[in-house]
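One structure below.
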Amino acid sequence: MPAPLDILQKYWKYPSFRTPQEAIIQSVLEGNDTLALMPTGGGKSICYQVPALCQEGICIVVSPLIALMKDQVYQLKQRQINAEAIYSGMYYTQIDRILDNCIYGDIKLLYLSPERLTTELAQARIAKMKVNLFAVDEAHCISQWGYDFRPSYLKIAEIRALHPKVPVLALTATATKAVEQDIQDKLEFTEQRVFRKSFARKNLAYVVLQEEQKEKKMLEIVKNVRGTGIVYVRNRRKTKEYALFLQKNKVSADFYHAGLDQETRSKKQEAWINNRTRIIVSTNAFGMGIDKADVRSVVHVGLPDSLEAYFQEAGRGGRDGKKSFAVLLYNQTDRARLEQSYEQSFPSMKIIRQVYRALGSYYQLAVGSGENNSYDFDIIQFSDTYKLKPIAVFNSLKVLEQAEWLVLTEAVYTPSQLRIIVSKEDLYTYQIQEKYMDKVLKIILRSTHNPFNNYVRIRESQLSGSLKIQRSDLQKALQKMQKDRILDYLPQKDKPQLTFLQERVDADNLTIDMETYNFRKRQHYRRMKSAIEYAERLQCRSQQLLNYFDEENPPLCGICDVCLGRHEAKVSYDEMEAYQRKIQGLLEKENLTLHELVNSFTPKRRQKVLKVIEYLLDEGKMDKGGDQLIWKK
């Protein structure tokens with residue numbers, strides 16, 4: 001078996017592992033179930049990709065994020081590592097071919113969405129594969145205590161019965177202690193083996209600014225902080241508005257959201273990664289799976305509804321270890337919006353049934369049909385058709401997804417493909433009989449490589465241009481040849497996919513588990529309140545985040561807005577005298593770090609204590625010796 005370091009250096013060209021990558025890899029190579037908790041940008045994927053290449057066989061990777069899976073597969077192929085991905089919305093023939101290649105070919109990593117992993121087709125083929133590792137990415141999705149619970153994750157443990165001796169590696173960047181325990185229980189770990197890297201980001205300065213004129217403040221930040229940045233906004237309309245505002249003020253900026261077509265998204269993303277665009281203004285659709293280390297600023301124009309989401313998005317700044325800023329622009333309107341969003345996130349059964357009934361009509365599904373069928377889904381078109389509010393539709397679909405009636409994935413781009421399914425002799429006969437089709441087939445044969453044995457990608461716009469016909473006419477010709485059983489044509493997809501996980505039932509008979517529903521509602525409320533408290537409480541921002549993720553006694557960061565005293569804490573003369581006496585008494589006994597000294601006071605006094613310490617240092621009554629504070633005698 002090759003050494004993990006040799007694999008790392010051969011394929012990734014890195015001289016060494018980061019802490020604790022090597023220990024995690026060694027654990028899974030020894031056959032141990034392992035949980036890895038590492039911050040965003042900590043190099044989680046290396047922890048399963050390297051052991052997959054160290055051993056014979058294939059690694060099965062479960063991930064809920066299609067964009068991330070596709071990006072990982074692309075990156076691996078660039079390194080000459082064979083990898084494939086299967087997710088909702090793919091054609092059966094594509095899935096069938098990939099699964100066969102995983103059994104009989106040399107595929108080293110297979111990425112699967114959780115709902116695809118548990119299909120009969122996938123399980124039957126996985127049973128025949130030589131599996132060396134099960135990796136579960138975004139493992140917090142398995143826990144109803146977590147912020148992004150996905151019920152399809154609960155079925156992942158079923159796959160262990162197919163290969164009971166194969167270890168499981170679970171990975172996440174956001175987990176509290178309760179979620180950490182839940183992950184291990186739900187994945188049926190044989191023993192507890194947890195590697196937790198501190199979520200502290202010493203180079204990332206967290207800042208919260210109470211602002212009414214957010215647009216103006218955002219401009220000030222991106223002008224003052226050099227280098228590339230991300231500005232997160234609430235909705236798609238705002239992405240364009242803010243990007244245009246920055247452009248008018250001579251800042252290189254562009255906008256990004258999931259509603260743009262794949263080609264446009266890719267161009268915008270590539271321009272930003274290669275520094276042709278400095279600031280990207282986006283919804284939360286941007287950033288997942290993007291490996292850009294030199295992001296100097298991440299600005300949130302408004303508060304996300306959980307600290308997990310905020311921590312993950314803010315954590316895209318400063319992955320190269322250099323000083324960076326995560327700035328939250330907040331006001332009381334944000335608080336009201338979050339509280340309203342909370343109420344809207346849990347619609348009544350009447351509305352949920354109304355949306356479910358409309359879906360049946362929209363796709364013309366009879367009661368008792370539709371199980372495992374996937375369809376393109378346009379939420380705006382659907383909402384307009386049935387006179388429903390898009391926010392009510394979206395939240396009803398989330399409830400139906402968590403109750404395992406259906407699953408809605410993000411927009412997924414799959415290019416058009418085809419394969420000729422007759423022999424060359426039969427194709428020649430067909431060309432003689434069908435003169436119009438002969439022209440189309442000649443163009444296909446000239447512009448593709450070996451379409452008889454493989455599915456080949458085609459671009460209808462390019463082919464129709466060569467033929468001097470409309471794209472719609474070319475598509476009709478391809479559909480006719482599919483009907484004539486000459487070729488198999490798989491048209492391009494670039495829309496979100498809605499998959500029915502169960503047969504359609506009459507909407508009046510639709511049920512959900514109300515106890516679970518109410519539990520999730522309480523958890524959502526708790527997360528929302530924690531996010532609001534983070535924005536409004538004057539305590540070291542890093543400390544607040546680390547406390548939320550159950551890190552014990554986290555130190556003051558010394559670089560956030562609170563630690564730097566940007567919030568005026570008025571200290572009276574009497575308070576100054578009292579605090580000075582206590583500080584002097586403590587430091588005459590022993591030298592203390594800033595963290596130790598401030599924590600000697602109750603939380604509500606700490607902001608004023610920081611002001612007093614700042615004054616005493618300025619007056620020369622205290623000094624610094626390394627990281628410790630010294631009282632000057």
Side-chain angles (χ1 to χ4, degrees), residues 18-21 23-24 27 33-44 47 136-150 153 168-187 189 191-204 206 208 303-315 326 328 519-520 522-560 562-563 593 595-596 598-599 602-604 606:
R18 298 184 207 169
T19 306
Q21 288 175 329
I24 294 166
S27 177
D33 292 337
T34 306
L35 172 58
L37 298 117
M38 302 165 71
T40 302
K44 292 187 293 296
C47 296
V136 182
D137 204 5
E138 307 296 333
H140 58 269
C141 294
I142 206 168
S143 175
Q144 295 194 56
W145 291 93
Y147 79 108
D148 195 19
F149 171 64
R150 304 192 184 212
Y153 262 66
V168 171
L169 170 61
L171 309 107
T172 180
T174 48
T176 61
K177 288 287 185 184
V179 172
E180 179 185 315
Q181 186 58 53
D182 214 15
I183 290 169
Q184 295 174 85
D185 292 343
K186 297 292 194 303
L187 290 174
F189 272 33
E191 61 178 316
Q192 293 205 353
R193 187 173 287 263
V194 180
F195 292 86
R196 177 186 272 269
K197 183 177 182 179
S198 172
F199 289 166
R201 298 287 304 280
K202 293 180 181 179
N203 64 308
L204 191 57
Y206 295 102
V208 179
L303 180 63
D305 61 6
S306 74
L307 286 182
E308 288 94 338
Y310 179 71
F311 183 75
Q312 192 164 58
E313 291 162 16
L328 169 63
F519 171 80
R520 285 199 291 268
R522 291 192 298 273
Q523 290 301 109
H524 186 110
Y525 183 80
R526 180 188 62 81
R527 288 192 295 272
M528 178 190 71
K529 285 298 184 185
S530 295
I532 291 170
E533 183 178 356
Y534 169 81
E536 297 183 352
R537 186 178 181 185
L538 291 180
Q539 181 191 348
C540 170
R541 306 296 176 188
S542 177
Q543 231 180 24
Q544 287 191 70
L545 289 168
L546 298 178
N547 279 331
Y548 182 80
F549 290 112
D550 299 315
E551 290 201 17
E552 294 181 4
N553 301 316
L556 295 169
C557 71
I559 59 172
C560 73
V562 177
C563 287
T593 64
H595 172 63
E596 289 167 340
V598 173
N599 277 8
T602 58
K604 68 180 182 180
R606 288 173 187 167

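Atoms CZ and CG, on R193 and L35 in that order, are 12.0 Å from each other to the nearest 0.5 Å. If you take CG on D305 and CD1 on I532, they are separated by 10.0 Å, rounding to the nearest 0.5 Å. To the nearest 0.5 Å, atom CG of residue L545 and atom CZ of residue R201 are 11.5 Å apart. Here the straight-line distance linking atom CD of Q543 with atom OH of Y534 works out to 12.0 Å at 0.5 Å rounding.
None of Q192, H140, R196 except one satisfies the side-chain hydrogen bond (donor to acceptor under 3.5 Å, both in side chains) rule with E180; the exception is R196.
A cation-pi arrangement is absent between R520 and F149, since the terminal nitrogen or guanidinium carbon is not both under 6.0 Å from the aromatic centre and inside a 45° cone about the axis.
Ring planes of F549 and F199: perpendicular class, angle over 60° (limits at 30 and 60°).
Of the possible polar contacts, none joining the D182 side chain to the S143 backbone as a donor-acceptor pair under 3.5 Å is found. Side chain of D33 to main chain of V168: a donor-acceptor pair is present (N/O by atom type, distance under 3.5 Å, no hydrogens or angles). A donor-acceptor pair under 3.5 Å links the side-chain atoms of Q21 to the main chain of G43, judged by distance alone. Although no hydrogens or angles enter the test, the distance criterion places a donor-acceptor pair under 3.5 Å between the side chain of E596 and the main chain of T593. Looking at S530, its side chain does come within 3.5 Å of a backbone N or O of R526 through a donor-acceptor pair. Between the side chain of Q312 and the main chain of A309, no donor-acceptor pair closer than 3.5 Å is present.
Counting only heavy atoms from C-beta outward, the side chains of Q539 and N547 approach each other to under 4.5 Å. Counting only heavy atoms from C-beta outward, the side chains of Y153 and V136 approach each other to under 4.5 Å. Taking 4.5 Å as the limit, some side-chain heavy atom of N599 sits within range of a side-chain heavy atom of R606. In this structure, C540 and H595 have side chains that are not in contact, with every pair of non-hydrogen atoms separated by 4.5 Å or more. Under the 4.5 Å side-chain criterion, counting only non-hydrogen atoms from C-beta, R537 is in contact with Q544. Taking 4.5 Å as the limit, every side-chain heavy atom of R541 sits out of range of all side-chain heavy atoms of L328. A heavy-atom distance below 4.5 Å is not found between the side chains of C557 and K202.
The two residues A36 and L169 have their closest heavy-atom pair at CB-CD1, 4.4 Å.
With sequence neighbours left out, the side chain to side chain donor-acceptor pair (under 3.5 Å) criterion links D185 to Q181.
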### Message
Run E138 and T172 through side-chain hydrogen bond (donor to acceptor under 3.5 Å, both in side chains) and show every step you take.
### Response
CA-CA 5 Å; E138 307 296 333; T172 180; 5.3 Å; no
